[in-house]
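Here's the structure, in structure tokens; my notes come after.
Below, each value reflects all heavy atoms present in this structure, side chains not excepted, and no hydrogens, waters or symmetry copies. Here is how names work: the chains are called A, B, and so on, in the same order as the sequence lines, proteins then strands, and each is numbered from 1. Computed from a prediction, not measured in an experiment: that's the story for all the values here.
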Protein chains: 2
Amino acid sequence: MQPVTTGASLTNQVTDMLRAAITSGEMRPGEHYSAIGLSQRLGVSRTPVREALQLLEKEGIVRIEKNRGVRVIQMSLDEIVQIFQIRIILEPPAAARGAEAATDEDLRHIQVLHGRILDAAAAGDGPRTLQADKDFHLFLLGLAGNPRLTDLDRELRNLVLTRGLVTIPNTRSGQDLADDRREIIDALLRRDCEAVALAVRAHVTRTAKLLITGVSAHTPGLSADEYLLKIDQLSRHCQ
Amino acid sequence: MQPVTTGASLTNQVTDMLRAAITSGEMRPGEHYSAIGLSQRLGVSRTPVREALQLLEKEGIVRIEKNRGVRVIQMSLDEIVQIFQIRIILEPPAAARGAEAATDEDLRHIQVLHGRILDAAAAGDGPRTLQADKDFHLFLLGLAGNPRLTDLDRELRNLVLTRGLVTIPNTRSGQDLADDRREIIDALLRRDCEAVALAVRAHVTRTAKLLITGVSAHTPGLSADEYLLKIDQLSRHCQ
DNA sequence: TGGTCACTGGTTGCATGCTACTCATGGTGA
DNA sequence: TCACCATGAGTAGCATGCAACCAGTGACCA
């Protein structure tokens, strides 16, 4: 956790720093933290820390316990499923619309972003891969021209990041995800919107299943099956 | 705007009160307010007001202007379109899943809620109709078993409420919306999930178009057409 | 031995003081 | 007449003080 610099308001800086500390694993789920301790570590007063924590609570990343401190939320499988159910509904149509609206310039940029994922993956850099993957997808969604949807999706992705870091890095599954993305790119270059939607949906679904299987494997006495079934329970009804 | 009572934390109470003041029209879009003035009106100190404003800014209903005060956001047609694009993607599959998962008890309750809409509409009580409509839809979505999605939808609905109050109350359109809901109910009782999805989609689309037409009519020099086209630009790609 | 209660260390929640910033206004000089 | 600058009123942003609150602990009593 770095001390603050200058520029944006302290509250916003602190919010970003705490979010980064959580997604990087520096602040661990289930652990207890105090606003006063965090403010000392960051070299600021309690007020901006407190405000940052309230914003993060609204995002669903931490829970403030009255007069007790704050706890990084341990995302349950139930919640992970909920988040992916939403992503599976939202992302395919948005990506398809993005494909429709993309300029040639955009398509070139997409390929650059894709290259970065491959580089990071080849270097075995898990966090960088994850970040590059996020950049890739969010850029594609952004082309749909609905910034609110893009922001929403970013937030949903942030929510599961802490679990993702632990479980995704796995060569086998990494290859599968790379194949998915290849398919998305191909469909994009053909400007085949329907195929883009399908490929994105397959990709997100696969990510969800990997995550759920991984988390349940780390948690004794928890069966993944029940949760795997729920993943596309909602999206089945996308006409 | 009422003074505070006891119970939840001040910050949360203030958040709700400000939100209510905004959706009720007591605080008007475009208008300038200061945290210090609001804190005096509410009889609390600046801190909880400031924190509440930050949360509302995150929700997107106010904008904090550094060292200047706060402004209730005048939702632009662009943003209204964005919000409805998301709702049109999200609500149909969620409602369909709700229909699938509903118990007989749930279906009875849905009919009660439907009755309340009709009562409020018959009494010509605009705000109550709007609230009853929200209860109806959110209950249906809630049956899908994804609380996060339900919360998200609630937030999206809140965002357009200030505009909705102004433009929706209109007998002709009110009747159309009522017909839509009748169709949703019928499909629900038949447990025809696909039909529920279609009916919900039609209903949300109609609401969007009414709102856009209404707002653009109140705003000279603004053509609705461009925006109407965008409404289902994304949802076209829901496979 | 088991249960209760007061105490204590640590925390948040809210109020308030101070500083730095923004914008508007009025005055000054060219 | 116009441009510019100094000034002042009003604001948010942050730090800090203080009281209320929670959880755990140890002593005391039945």
Side-chain angles (χ1 to χ4, degrees), chain A residues 1-22 27-74, chain B residues 1-22 27-74:
Chain A
M1 219 181 297
Q2 302 296 319
V4 298
T5 66
T6 93
S9 82
L10 264 188
T11 298
N12 287 325
Q13 284 185 63
V14 171
T15 308
D16 290 342
M17 289 162 59
L18 292 179
R19 203 200 332 271
I22 291 170
M27 288 175 67
R28 294 221 311 285
E31 211 82 358
H32 227 104
Y33 298 90
S34 76
I36 188 167
L38 292 171
S39 69
Q40 282 163 358
R41 267 165 77 178
L42 295 171
V44 300
S45 83
R46 284 146 36 216
T47 306
V49 172
R50 170 180 158 73
E51 291 170 352
L53 289 173
Q54 289 180 329
L55 292 174
L56 292 177
E57 183 180 42
K58 192 167 181 66
E59 284 184 26
I61 298 182
V62 303
R63 187 175 59 244
I64 296 176
E65 300 175 350
K66 196 171 158 65
N67 290 321
R68 293 270 305 137
V70 65
R71 191 185 289 277
V72 179
I73 285 185
Q74 172 77 277
Chain B
M1 220 181 299
Q2 302 296 318
V4 298
T5 65
T6 92
S9 81
L10 263 187
T11 298
N12 287 325
Q13 284 184 64
V14 171
T15 308
D16 290 342
M17 288 160 60
L18 291 178
R19 202 201 332 270
I22 291 170
M27 287 175 68
R28 294 221 313 283
E31 208 84 359
H32 228 105
Y33 299 90
S34 74
I36 188 166
L38 293 172
S39 69
Q40 281 163 359
R41 266 163 79 178
L42 295 170
V44 300
S45 83
R46 284 146 35 215
T47 305
V49 172
R50 167 178 160 74
E51 290 171 350
L53 289 173
Q54 289 181 327
L55 292 174
L56 292 177
E57 183 180 42
K58 192 166 181 67
E59 282 184 26
I61 61 186
V62 305
R63 188 176 58 244
I64 296 176
E65 299 175 352
K66 195 170 158 67
N67 291 323
R68 294 271 305 138
V70 67
R71 190 184 290 278
V72 179
I73 285 185
Q74 171 78 276

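Between the CD atom of B:Gln40 and the P atom of D:dA12 there is a distance of 11 Å, rounded to whole Å.
The shortest distance between side-chain heavy atoms of B:Ile73 and B:Ile61 does not fall below 4.5 Å. Within the 4.5 Å cutoff, the side chain of B:Gln54 has no heavy atoms near those of the B:Lys58 side chain. Residues A:Asp16 and A:Arg19 form a side-chain contact, since some pair of their non-hydrogen atoms from C-beta on lies under 4.5 Å apart. Counting heavy atoms from C-beta on, the side chains of B:Val62 and B:Met27 never come closer than 4.5 Å.
Atom CD of A:Glu57 sits about 9.5 Å away from atom CD of A:Glu65, to the nearest 0.5 Å. Taken from OG in B:Ser34 to CZ in B:Arg68, the straight-line distance is 11.0 Å, to the nearest 0.5 Å.
First and last contacts of DNA chain C with chain A, using any nucleotide atom under 4.0 Å from a protein heavy atom and ordered 5' to 3', fall at C:dT11 to C:dC14.
Position along DNA chain C of the nearest nucleotide to B:Thr47 versus A:Val70 favours A:Val70 as the more 5'-ward residue. The residue among B:Tyr33 and A:Ser45 whose nearest nucleotide of DNA chain D lies closer to the 5′ end is B:Tyr33.
In this structure, A:Arg71 contributes its side chain and A:Glu31 its backbone to no donor-acceptor pair below 3.5 Å.
Taking A:Thr47 as the reference, A:Ser45, A:Glu51 meet the side chain to side chain contact (heavy atoms under 4.5 Å, CB included) condition, with sequence neighbours excluded.
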Seminar exercise, completed: B/S/- along nucleotides 17-23 of chain D (protein heavy atoms under 4.0 Å) is BB--SSS
